[in-house]
Protein chains: 2
Amino acid sequence: MMDKKVSIKDIAKIVGVSPALVSMVLNGKAEQYRIGEEVAKRVVETAKSMHYAPNLIAKNLRSGKTQLVGLIVTDISNPFYSAIARIVEDRASELNYTVLISSTDENLKNTERLVDVLHNKGVEGLILVPCDGSKELIQGLYESDFPTVLLDRYFPDIDLSSSCLDNYKATELATEHLLGQGYKNIALIAYNTEMQHILDRISGYEETMKNAGLGAYTHVRKVDILNPKPDIWKALEELINKEHADAVIFLTNMLATNGLYCLNEMNVKIPEDIAVIGFNGNDAFNLFYSPITYVKQPIEQIAKEAIDTLIKRIKKSNYKSKLFLGPELVIQKSSLRDA
Amino acid sequence: MMDKKVSIKDIAKIVGVSPALVSMVLNGKAEQYRIGEEVAKRVVETAKSMHYAPNLIAKNLRSGKTQLVGLIVTDISNPFYSAIARIVEDRASELNYTVLISSTDENLKNTERLVDVLHNKGVEGLILVPCDGSKELIQGLYESDFPTVLLDRYFPDIDLSSSCLDNYKATELATEHLLGQGYKNIALIAYNTEMQHILDRISGYEETMKNAGLGAYTHVRKVDILNPKPDIWKALEELINKEHADAVIFLTNMLATNGLYCLNEMNVKIPEDIAVIGFNGNDAFNLFYSPITYVKQPIEQIAKEAIDTLIKRIKKSNYKSKLFLGPELVIQKSSLRDA
DNA sequence: AACACAAGCTAAATCGTTTTAGCAATTGTT
DNA sequence: AACAATTGCTAAAACGATTTAGCTTGTGTT
């Protein structure tokens, strides 16, 4: 099982043929190259008995193909991205590709470096969660025509394939649900960023509020992405005490989790004092004393479409696919009026 | 940035020297091979201006080294392992290695297949979380002398490097803490498995109980590893209603999380009705209405030692290191008598 | 009998590096 | 002046696979 040394030459020597013939047979091209049945059979058997396994490095060098793809996320230890990674990895494996995973920590320099590093390692394509400020880098990737699929986040004016949530719909769903429960003074906690998916989520909320004639009750607070807790604390305090908000939507899982820590420490009761909606369910939401309503992303679909799109693009240079997949609202006690 | 076509030959042609010379210079061996300073400088400059990046595939083929290592965990979407993966990945990157990650789902056949697949992809070593029943496979790995480091789990009679928690100490800490709080009828929820790390955790608890003269109050329940919830429910019901347990230790994060779901559904109050200790902290524990005391593993250290040990072993064939790293008890409300 | 053609194989180039052996020109030694 | 040693470079092999061109046989056709 563990030899790793037997090459095509060794087989050739033993069977008494040329390495070329062995290669042909082992690649199923015996007929095409009119190899005698007898000889072909002996080659196959010898290969098996010697536990031959092709040297993929050599294969790659010759073919120029590495069967490698890169997955660049912000942090693989973030459960959202590790769930994505798991699915991408499984699907890639089925398609005979290997995934190289890296984390950027939302940092542009890191992202640039990782794109270079992965490119250097010979990946044939990239699935990428672009960080704030990476537009030029992504534009460059687009112009270089390197197979790239954006995941979770996208740029509306860069014509690259992408696999994302329908972010507008997500907050629309959340806001409508809160309105339906009779909440009016609904606040939103967002990141302080130009990233389009966040802007879309904000729009979904703002438009829905406006359409309900509650434009005056719109409160959007933006907090620092790398160290959100202090900002969240301050925002919540103001929203609750000064603005008398009766509900709050957190735009990401990280924001919601930090928000719950704050609300607990502030001794604010959910949903009695304020209703809460989060993003991306997890055990913490479900086990909370008042289980948290959340927007559920179709993670499996997002991941699968990303890798499938990438592979199609690698194989067919003009393939493109821009997906905005539908969210679902998982309603729990944290957003119900008379729970 | 995105060219990928310029080779050592191209540089050689432009500078007007041989490819060999270019290789020597670019590998910092100019002095060693007595290359003229003038020429060397021109080579370096030309390489830079052409954005030369070495073809790693070719390099690997030539050197027989792939700079690849495998990381086989049970599930990369499990936060414990994704945290490990993040650290391994970062450290490996520093050491100029690339990590290939796979998930076994606690399944032996998968594990065997993945070991083969990764081996085939040319990894120079493996970090591996062995699943139940994998002893023969691991023994085979040991005998083949393939660089392997076991992570999180180990086999006492296989002389392989490993980086694990001090499991006995972990439950000893937990049990002593509960005893110190005056709890006597302490139960344990474990997996139904032969895996040594679980057996060690059970021993830590049993011995501590025995030493306290409470051998008679020892309750160990073993549940199915793949679908634990029904077993946990039944065990908890019995422990609480029939055995009048006043505390319960869950041996893993998955067990604790499932246990909390059960206790919530059963309307059992923590710690009033029963005290709880879990394994591996997370937001769900901290945000719980009564924050959960847990055994904290030194994840960073475990991961870092695993990859460092592997790389040392790859470079030095007789290197070996068996680590059992110290746990820490994070005490929260769920295990305090008079909270 | 002469030639075409198919069958069954091999030699050699190639992918991009690294490294060994060795060549030519210059300098140093006596 | 003859020879040795040093300097600065190149040619070629090697890693393990794939593929193209081409070489022998043998068979069939006329």
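Numbers restart at 1 for each chain; the letters A, B, ... are given by sequence-line order, proteins then strands.
- For the pair B/Leu61 and B/Arg34, nearest-nucleotide mapping onto DNA chain D gives the more 5' position to B/Arg34.
- Judged by closest nucleotide on DNA chain C, A/Tyr33 is the one of B/Ser23 and A/Tyr33 placed further toward the 5' end.
- Atom NZ in A/Lys13 sits roughly 11 Å away from atom P in D/dG16 (whole-Å rounding).
- For A/Lys59, no side-chain nitrogen or oxygen approaches OP1 or OP2 of C/dC15 to under 4.0 Å.
- Taking the side chain of B/Leu21 as heavy atoms from C-beta on, and the options D/dT20, C/dT20, D/dC9, the nearest nucleotide is D/dC9.
- The CD-P distance, from A/Glu31 to C/dA7, rounds to 12 Å in whole Å.
- Between A/Lys59 and B/Leu61 the shortest side-chain heavy-atom distance does not fall below 4.5 Å.
- Atom CE in A/Met50 sits about 13 Å away from atom P in D/dG16, given to the nearest Å.
- Between B/Tyr142 and B/Phe155, the gap from one ring centroid to the other reaches at least 6.0 Å.
- Of the candidate nucleotides D/dA17, C/dT19, C/dT17, C/dT19 has the atom lying nearest to any side-chain atom of B/Met24.
- Under a 4.0 Å N-O distance rule, the pair B/Glu45/B/Lys41 does not qualify as a salt bridge.
- When heavy atoms are screened at a 4.0 angstrom cut-off, B/Lys29 is found touching the sugar-phosphate backbone but no base atom.
- B/Gly64 comes within 4.0 angstrom of no nucleic acid atom, judged by non-hydrogen atoms across all strands.
- In this structure, B/Asn60 reaches neither bases nor backbone, as no heavy-atom distance under 4.0 Å exists between it and the strands shown.
- Taking the six-membered ring for Trp and the full ring otherwise, B/Tyr154 and B/His197 have centroids separated by 6.0 Å or more.
- Distance from the side chain of B/Val17 is smallest for D/dT10 among the nucleotides D/dT10, C/dC9, C/dG16.
- Of the residues near DNA chain D, A/Pro19 and A/Lys9, the one whose nearest nucleotide (by heavy atom distance) lies more toward the 5' end is A/Lys9.
- One can place CG of A/Asn120 at 13 Å from C1' of C/dG16, the figure rounded to the nearest angstrom.
- B/Ser7 has no side-chain polar atom (N or O) that falls below the 4.0 Å cut-off from OP1 or OP2 of C/dG16.
- The nearest whole Å value for the distance from the CD atom in B/Gln32 to the P atom in D/dT7 is 14 Å.
- Regarding contacts with the backbone of C/dT17, a side-chain N or O of B/Tyr52 is found under 4.0 angstrom from either OP1 or OP2.
- For the pair B/Asn55 CG and D/dA17 P, the interatomic distance rounds to 17 Å; values are reported in whole Å.
- You'll find that the side chain of A/Ala20 is closest to C/dA11, out of C/dA11, D/dA17, D/dG16.
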(request) Please test B/Asn318 against B/Lys320 for side-chain hydrogen bond (donor to acceptor under 3.5 Å, both in side chains), starting from the C-alpha separation and ending with a verdict. (result) CA-CA 6 Å; B/Asn318 62 349; B/Lys320 191 163 295 177; over 6 Å; no
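- Put simply, CD1 on A/Ile11 is 13 Å from P on D/dG16, counting in whole angstrom units.
- Here D/dA14 presents its P atom at 23 Å from CD1 of B/Ile57, a figure rounded to the nearest Å.
- Ion pair B/Glu194/B/Arg153 not flagged as a salt bridge, since none of the NZ, NE, NH1 or NH2 atoms sits closer than 4.0 Å to an Asp/Glu carboxylate oxygen.
- Checking C/dT10, C/dC15, D/dC9 against every side-chain atom of B/Ile35, the shortest atom distance belongs to D/dC9.
- For B/Ala58, the side-chain atoms get nearest to C/dT17 when compared with the rest of D/dT19, C/dT17, D/dC9.
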